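Structure, as structure tokens:
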Amino acid sequence: MEKKFKRTTVTAALPYANGPVHIGHLAGVYVPADIYVRYLRLKKRDVLFIGGSDEHGVPVTIRARKEGITVQQVVDRYHYLIKDSFEKFGISFDIYSRTTSDVHHKLASDFFRKLYDEDKLIQQTTEQFYDEETHEFLTDRNIRGECPRCHAADAYGDQCEKCGATLSPEELINPYNAINGNPLVKKQTTHWYLPLDRYQNWLEQWILQEHKEWRPNVYGQCKSWLDGGLKPRAVTRDLDWGIPVPVEGAEGKVLYVWFDAPIGYISNTKELCDSKPELGKWETWWKDPETRLVHFIGKDNIVFHCIVFPTMLKAHGDYILPDNVPSNEFLNLEDGKISTSRNWAVWLNEYLEELPNRQDELRYTLTANAPETKDNNFTWKNYQDCTNNELVAIYGNFVNRALQLTQKYYEGVVPTCGELTDYDKQTLEEFADVKTRVENCLENFKFRDAQKEAMNLARIGNKYIADMEPWKVIKTDPERVKTIIYISLQLTANLAIAFEPFLPFSSQRLREMICMDEFSWESLGSTDLLPAGKKLAKPSLLFTKIEDDVIQVQLDKLEAIKKANQEQNYRAKDIKETITYEDFQKLDIRVGTVLECERVPKMKKLLKFRIDDGLNQRTIVSGISQFYEPEQLVGKQVLFIANLASRQFKNGLVSEGMILSAENFDETISVTTVEHPVKPGSQVL
RNA sequence: CGCGGAGUAGAGCAGUGGUAGCUCGCCAGGCUCAUAACCUGGAAGUCGUUGGUUCGAUCCCAUCCUCCGCAACCA
């Protein structure tokens with residue numbers, strides 16, 4: 001398969017420039033893409049790694065309106081923030097540009113125009129909801145109105161949250177703009193559509209027959225789309241932000257963001273090649289059948305990269321098609337879905353500040369838990385474990401052992417290699433096997449497994465040193481120790497190569513320690529990477545442990561975010577049905593003084609109170625022990641319902657009444673009390 | 001009622017129609033060159049339930065149960 005191709009164009013999904021990037025982006029797309037590209041470069045293959053920000057579409061305009069700044073300011077801010085984060089994480093793009101560039105506007109515009117001129121697009125006029133005040137057409141989700149079924153006042157255009165009905169905007173009674181409340185009218189609008197249905201047969205052949213090797217999640221999703229029957233898809237929108245539709249009479253219309261964004265891969269390649277002639281013509285990377293095109297994306301992008309974009313390329317006619325589209329599932333954070341708006345994420349820019357120089361630790365953890373086959377979970381505890389138990393204990397420690405021994409015995413000079421024992425040879429062979437396995441994994445986009453294999457090299461090294469016991473042998477056979485250390489050092493040098501795609505920063509540092517300038521994937525497994533007599537630099541630790549308090553800070557931060565979200569989402573509950581004064585009079589609410597208060601054994605939530613109600617004493621049980629220590633409440637005056645029928649608990653405990661408490665937004669409980677002390681038994685009126 | 005995803009050792013995850021595997025954790029032993037790191041060994045799972053297909057199912061089919069998500073944005 002790979003022999004067919006002379007070069008590879010690798011693209012990574014264009015992140016949307018309306019917020020910073022987070023660990024989900026990294027785990028899903030950019031780290032695997034970067035590993036792949038670094039690997040290909042190490043193999044001396046021709047490869048370009050293309051990225052950029054996606055800066056068009058509605059959400060950036062909404063964000064700009066919300067923050068009171070221009071759309072350009074929004075995309076500028078996030079484009080540079082994102083670009084910077086990627087750079088600092090070692091995502092080795094050959095270019096990271098943006099879809100607001102002139103090159104892109106022209107190329108996307110020409111692309112559309114060619115399809116238009118050749119009648120590859122169809123034109124349709126439909127009626128859509130329009131806000132006459134803001135002069136905009138609204139998307140389903142931004143339309144609200146009365147639900148036709150349950151008559152809830154504020155159902156969405158696509159669904160009523162109250163009764164769960166699936167709706168279309170047309171069904172809503174009195175539709176209005178969800179953002180500003182303006183009434184909506186229906187208005188005709190004309191758009192251009194990409195007739196995917198015309199390509200149905202071709203797509204079925206191309207994907208279902210010719211690309212059975214695609215990942216199951218990708219293949220499966222494509223199949224389900226194809227089985228459902230493709231329909232024409234609009235490629236233009238009524239908006240004022242984007243690339244103007246290059247057709248007469250199309251004022252106020254722009255290319256749909258999903259039409260222009262993937263063309264951004266091409267534009268950015270062009271921008272790169274135009275500025276670096278040594279890379280050849282950009283067309284070579286997009287039109288030569290000997291070029292292999294690979295798109296790295298997240299699962300939400302599958303349909304666009306496997307169906308829509310290939311159809312666009314096919315319709316255009318000049319372009320090659322993707323050879324593979326490795327897509328990952330999603331990453332969760334501490335069991336919760338990552339969310340930009342709820343701020344539930346580990347933002348890369350914040351990580352870089354709070355945990356400086358620990359990019360490789362995150363890259364490692366994300367790859368070790370990569371959501372390749374199903375959604376996975378990122379936890380800070382796991383991050384700490386990966387770092388301390390694997391990077392530090394296995395990899396870092398092996399390197400340190402080899403280098404320290406070299407310092408100790410040979411003043412940091414690589415010793416000469418004597419005759420190899422069978423065990424030496426066996427160890428080196430294992431090393432070569434691992435190389436093959438890593439390659440197989442990487443060629444098949446199994447990054448999680450590939451990294452695990454790489455880590456195996458360090459395990460082999462640790463075992464080798466442990467089995468050889470050079471610190472013992474040095475006393476009896478110093479010549480033999482030279483060979484042992486020589487081999488250990490060669491293994492170390494090999495690790496620098498093997499980990500380069502995964503952990504570029506520590507690989508770089510390791511190479512500096514062992515003064516290794518040149519390296520390539522092909523030399524992985526060889527035993528002469530560091531010649532005898534070479535003086536090595538002074539060793540330092542490759543990785544350092546992450547202490548509990550560092551992790552706790554991150555957990556506390558997330559906990560605070562969770563709380564803030566709950567508070568933000570708090571809405572007082574609806575008021576209950578009206579009751580009469582007579583109804584109210586039936587309730588006998590009194591003030592009681594807490595005489596005793598204690599936990600109830602085996603009942604987690606319960607506190608048992610002894611209350612002075614003015615006439616007698618009574619026992620009341622209340623489920624608030626998570627929020628109060630019993631001592632805190634003794635002596636306090638609390639409100640309670642005095643005439644509630646008593647209730648018996650399983651263990652025989654009887655509660656004679658109910659203490660009134662308020663439940664806060666975060667489900668914490670606050671007991672009610674009185675402003676000034678009153679006699680026990682006072683009525684609450 | 002619904003849709004999607006998931007249920008495999010204490011935790012996190014692989015996996016396959018034919019004696020169940022990895023990492024971490026745990027226990028025991030070894031070692032001391034090394035960041036209390038490393039090496040060896042061990043315990044621990046009736047692969048969610050119940051049926052079915054099969055010579056044989058963790059893997060196929062069906063049923064049921066449980067958990068998570070199902071506004072927008074987003075990989």
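As the structure is a prediction and not an experimental result, all values here were calculated from the model. Atom set for the values below is all heavy atoms of this structure, side chains included, hydrogens, waters and symmetry mates excluded. Throughout, protein chains are lettered first and strands after them, A, B, ... in sequence-line order, and every chain is numbered starting at 1.
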Counting the atoms with a prime plus P, OP1 and OP2 as sugar-phosphate, which does [X] contact under 4.0 Å by heavy atoms, base, sugar-phosphate, or nothing?
X	value
A:Ile338	base
A:Asn382	nothing
A:Lys472	sugar-phosphate
A:Phe296	nothing
A:Arg63	nothing
A:Asn332	nothing
A:Phe330	base

How far, in whole Å, is [M] from [N] if one measures between their [atom1] atoms?
N	M	atom1	answer
B:G45	B:G21	P	14 Å
B:U23	B:U40	P	10 Å
B:G52	B:G17	P	23 Å

In terms of ring plane angle, is the pair [X] and [Y] parallel, tilted or perpendicular, where the classes change at 30° and 60°?
X	Y	result
A:Phe378	A:Trp380	perpendicular
A:His305	A:Tyr265	tilted
A:Trp258	A:Phe304	parallel

Nearest-nucleotide 5' precedence on RNA chain B, A:Ile297 against A:Ile394: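 Taking each residue's closest nucleotide, the earlier one in sequence belongs to A:Ile394.
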